[in-house]
Amino acid sequence: MLNKFNWPLWHWHIENSSICSLRCPRCPRQETTHDFAQTSLTLEFFQKNFNKDFLQNVWLISFCGDYGDPIYGKDFIEIVEYLK
């Protein structure tokens with residue numbers, strides 16, 4: 001699978017949740033004055049956007065936590081099971 005620049009899209013870096021209960025000192029949540037939305041991607045989102053044909057070309061999916069902790073995402077375990 002290639003994007004419009006003909007770059008391979010085999011590694012996906014996904015932030016599945018913006019929910020976090022920690023207050024890390026250098027986190028963007030602590031260094032800005034506005035509130036961040038508390039949202040997460042659902043299993044239905046992954047089923048719709050990451051079907052079996054698409055996943056055949058994906059080698060690696062990383063769940064990151066730039067603005068939230070991935071483990072707080074709705075359906076996180078089910079999403080990982082689906083992607084595996």
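The nearest pair of heavy atoms linking Gln38 to Cys20 is OE1-N, 4.0 Å. Taking every heavy atom of both residues into account, Cys64 and Pro70 meet most closely at O-CG, 3.0 Å.
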Which pairs would a plain distance check flag for residues 75-84, meaning a side-chain donor or acceptor within less than 3.5 Å of a matching protein atom at least two apart in sequence or in another chain?
unit_1	atom_1	unit_2	atom_2	d
Asp75	OD2	Leu43	N	3.2
Tyr82	OH	Phe50	O	2.9

Check your understanding: So Ile19 and Asp69, side chain to side chain contact (heavy atoms under 4.5 Å, CB included) or not? Walk me through it.
Key -> CA-CA 6 Å; Ile19 302 167; Asp69 193 330; over 6 Å; no

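Remark: side-chain polar atoms of Ser40 are paired, donor with acceptor, to backbone N or O of Lys74 under 3.5 angstrom. Between the side chain of Glu15 and the backbone N or O of Phe63, no donor-acceptor pair lies under 3.5 Å.
Residues Trp59 and Trp12 fail the side-chain proximity criterion, which asks for heavy atoms closer than 4.5 Å.
Considering NZ of Lys48 and CG of Leu41, their distance stands at 12.5 Å, rounded to 0.5 Å. Expressed to the nearest 0.5 Å, how far CZ of Phe46 lies from CD1 of Ile61 amounts to 7.5 Å.
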